[in-house]
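Heavy-atom basis, side chains included; hydrogens, waters and symmetry copies ignored.
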Amino acid sequence: MAQETNEKAAATPVTMVTLTIDGQSVTVPKGKTVLEAARSVGIDIPTFCHHPKLKSVGSCRICYVEIEKMPKLQVSCATEAMDGMVVSTNSDQVKQGRRAVIEFILLNHPLDCPTCDKGGECDLQNLTFAHGTDDSRNDFQKTRFREDDMSTTFDDKSIGPEIVLNRNRCILCYKCVRSNKDAFGEYDLGVYERGNIAQIDSAPGEQVDNPFSGNLVEICPVGALTNRDWRYKIRVWLTETTPSVDNFQSSGSNITFSKERQKNKIYRVTSRPNDDIDDGWLPDITRYGYQIVNSPDRLKKPLIKKGGTQVEVSWDEALDTIAKRLANIKDSKGSVCIGGLAAPSLDNRSLYGFSKFFRKVLHSNNVDYRSDCRMLPSSSDTICSRLAMQPFSISDLDDSDVIVVFGSDLIREHHNEYLRMRKAFNFNGARLFSITPYAVKAADIAELEVVHRPGKEEFVLQAVCQAAVEDRLVDDQTAGRFREQVGNVDLTELCRSAGISTDSVKQIARALASGKKISFVVGEIVTRSREREPIAAAICNLNKLFGLHDKGQVAILARYANSKGAQKLGVVPVPHKMLVDKMNVLWSETPSCEAHNTDAMLALLKKEEIDSLFVLGANPMMVYPDLQFAREGLERADFLVACDLFETETTQLADVVLPLCSWAEYDGDYVNLEGRNQTARAAIKPIGESRTGFDIMAALAARFEASDLFEVDAIESEISQMLAIADTPALPQEYTQVRASEDKEKDGFDIPLYLCDDPHHSGHLTEKSPSLAEFSGEAYAEISFDLANRLKLRNGESVRVESPVGKIIIPVKISEILNTDVVLLPRNFSSTPTTALMMRKRRVDMVKLSKVDD
Amino acid sequence: MNEVLKAVGNVFLKMPLGFVVTLRHFFKKPVTLDYPYKKKPMTPRYRGKHYLERYDDSTERCVCCGLCAAACPADAIYMEPEENEKGERRAKIYEINLLRCIFCGFCEEACPEEAIFLGQDYEFSDVNRNAFIYTKEEMLVKHPRKDNPFKRLYRRVRKVHGVTDKIS
């Protein structure tokens, strides 16, 4: 019903209705419910089953109101507001109705609030106090859902790695089942049985382990679904809250830390609904990732390598050593011999301080934040970088009628955008198209899923353009210019080489031509590819041909919490011209020496032309898509400094290791993928002796007698000036010919390998979170059912994955989604260095699989 | 002569009259106790040292819900919960600082599980401050007490709410 009303609202101009609620006149758009109308003027009506982001079901009936001329009480969450309605929300009849509903709900609700984790923040507790009676007429046994052991009053049941279900407490509001189905597109939770014994349960034989399962616990109005993470830890009234921002994904979901100040410990993360970003849903990475903050493995003191082993030293000694060595290298060999890698999850101040320290103090241009990309271009004014700087808005996905996901497995990379896309489909009837080299989860609601041959991305886009021109979907002038500049390519030939059908290409072309508001979302598979330039050029062709920019948005989604900030603050070797101009104004000069990106730095380290590398929070040994290359480079470094929260592969090689604060320990600003600058507040004091990235940079600058450059107020104003540069670089005006580029095939290696993130992990940090490790604790190779069948592999059996440069043995996981021959390896587990199989010069890494015989 | 007789009469007749209250006490039971060899019985509602009650099957009653700590005006109670082998909520740490405690009895009143009671024991003195932090092990009774007058009261309330006792 809600879908119909929404569609209607989109089609016709909004008509307003006026009604009277408690003597107050309220005007709302037609289609809104009485509940929404009342809440819009601040009249509160109690609810259990209503959730603003879900359709109404009216199952709890606590939201009773009295409407004149209607014989009975009505549930306000499912009654549409009509012109001239006279509504009363606190008449005697309503109060009596609410009291009866509370009594009815409490019939079978156990009074085990003392042991219930929800106690203190429970809707049922609160509403019973507000509207219920203080006595009960119930004198029979309540329904119990436990049969095996009656000696305990605890009927908890584990239905997932993190979720505990207590069916006795459930009041059947169905919010969990509805959100799981409608918002997350997961079907692992359902309602079973009817009547008195109706119960929520996981689907037979399944676990509730989807990447959004934590939300089910948060929206449960009672303690029926609780977290293992929060189970029996602390009472909610003993905690304090701090508003913060997520650090594990780029959309920057708004979160709240619950902490206890005296113990300097964070107890949980809950959402802080922001309709522009997260809609109140948090992925599990965000919800349980906070556990790394209080992990016992945190680095607590600086380490210096003395005689082969790293020993704990004081901060002064560590910083003095770094300053001395860097000054030495700078004086003897020149500042070009020093390089720096920063993590794109650090806050603005750290990243800016990093860039300023290198450029202004060391006079080196070798700074980069992209340690997970191969073969980066030396210039940064490329089509791809321009495309990455285009504006993007998450909430615009809601009302897009055509959404194209190109080269992205959204559920692994961009959780919030994934949910937005499902919302657009479920509630607004958007048409989805997915173009990826392997089948993805998001495609289950797609009108068309195009799985092309790996490494042929630009061919698909070119084929779409060609199809539009051939089918006269664009006007003749545009088509003529396209033909003129690109030349006529045979559509069937293009489709054949990309491994797709011409019909599917034509279908996408028709959708793009007819769509009124189009979102074209580009993901990691493109940005991590060697051939990101031709692909970006093909995207620009498409953009120009269909006028996508005028009809919506085209954007490469930034991947990490502050990638966009790093981009805008110029933490790249050659920043965009407008950024350099601004830096010249702010700093009076910028170094003019040669600039090297991550690739070049590693290559030069190997050639011993760069002597020193300063790594701030990044872990190139884990994420750089050629482990061999990264290791050779880092091992030859004369002087390697690594700052991190934990001991990583990179810190093991380092001469000096500095402990870094996590984002929960200091106030920091982060720019999300839309360019929205958000502040995360410090929840606890720094663990051990760890310091923030900015403090480290400022302390080093002081040793170079440049501390006046790092005064906090000045830095803050410089950052705000850098971020205020609003220009977006223009995309090319001409069509570009797409050239094919292929790898030389090597015999025997015939299965393409893609590196991805596990849906429950993000980068190298989340491995330290025990809850996330429960979901997915060790690396695996994800392959299709067909391929597993051919290799005679069963789920969990070991498979040998071999590439020309390396081999690993890894358990296999048979995917329900993949349908082509492709291997997906998650890169989040230090136990299995999946990048060891990759070669940086490859466009698509090819491997061969074989069964390991025991 | 008369004067002399009067004085003698005063000594032998009036002095005992003046001491009659004192003398009466010669024949009464003494009000003082031979403490510490004998102890005074306290009233049933006396609020002395706390004890933690057990169920009839001698499992702990306390579920570490934190209501006593929340009710405590002196902030004398500290607790940390844990999960026992059945998955139930139990106290891992339960401590009362008797130096802080003002024996108001709010904890007893707040307790929804009839677990904590203020007992009859009033003898706590020590030379070490840390000894006044009483732990769960020190407070837990060895065997469930059968004759607690408050328990019966609570049980009636529980019956109204449709909750039967664990082992009935």
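- A salt bridge links Glu83(B) with Arg228(A): at least one charged nitrogen is closer than 4.0 Å to a carboxylate oxygen.
- In this structure the side chain of Cys65(B) reaches within 4.5 angstrom of the side chain of Arg235(A), judged on heavy atoms.
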Under the criterion side-chain contact (heavy atoms from CB on, under 4.5 Å), I'd like the reasoning laid out for Asp117(A) against Arg89(B): C-alpha separation, chi angles, the key distance, then a yes or no. CA-CA 10 Å; Asp117(A) 277 326; Arg89(B) 188 188 173 105; 3.5 Å; yes

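- For OH of Tyr35(B), the number of neighbouring non-hydrogen atoms (other residues, nucleotides, ligands) closer than 6.0 Å is greater than 12.
- Applying the side-chain hydrogen bond (donor to acceptor under 3.5 Å, both in side chains) test to pairs two or more places apart or on separate chains, those with a residue in residues 66-78 of chain B are Lys263(A)-Tyr78(B), Tyr78(B)-Glu80(B).
- Taking CE of Met79(B) as the reference point, atom CG of Leu238(A) lies at 9.0 Å (rounded to 0.5 Å).
- Heavy-atom minimum distance, Tyr232(A) versus Pro81(B): O-CG, 2.9 Å.
- More than 12 heavy atoms of other residues, nucleotides or ligands lie within 6.0 Å of CD in Glu123(B), so this atom counts as buried by the packing criterion.
- Shown here are the salt bridge (Lys or Arg N to Asp or Glu O under 4.0 Å) partners of Lys136(B), two or more places apart in sequence or in another chain: Glu60(B).
- Rounding to the nearest 0.5 Å places NZ of Lys86(B) at 13.5 Å from CG of Asp156(A).
- Enclosure of atom NZ in Lys300(A) by more than 12 non-hydrogen atoms of other residues, nucleotides or ligands within 6.0 angstrom is indicated.
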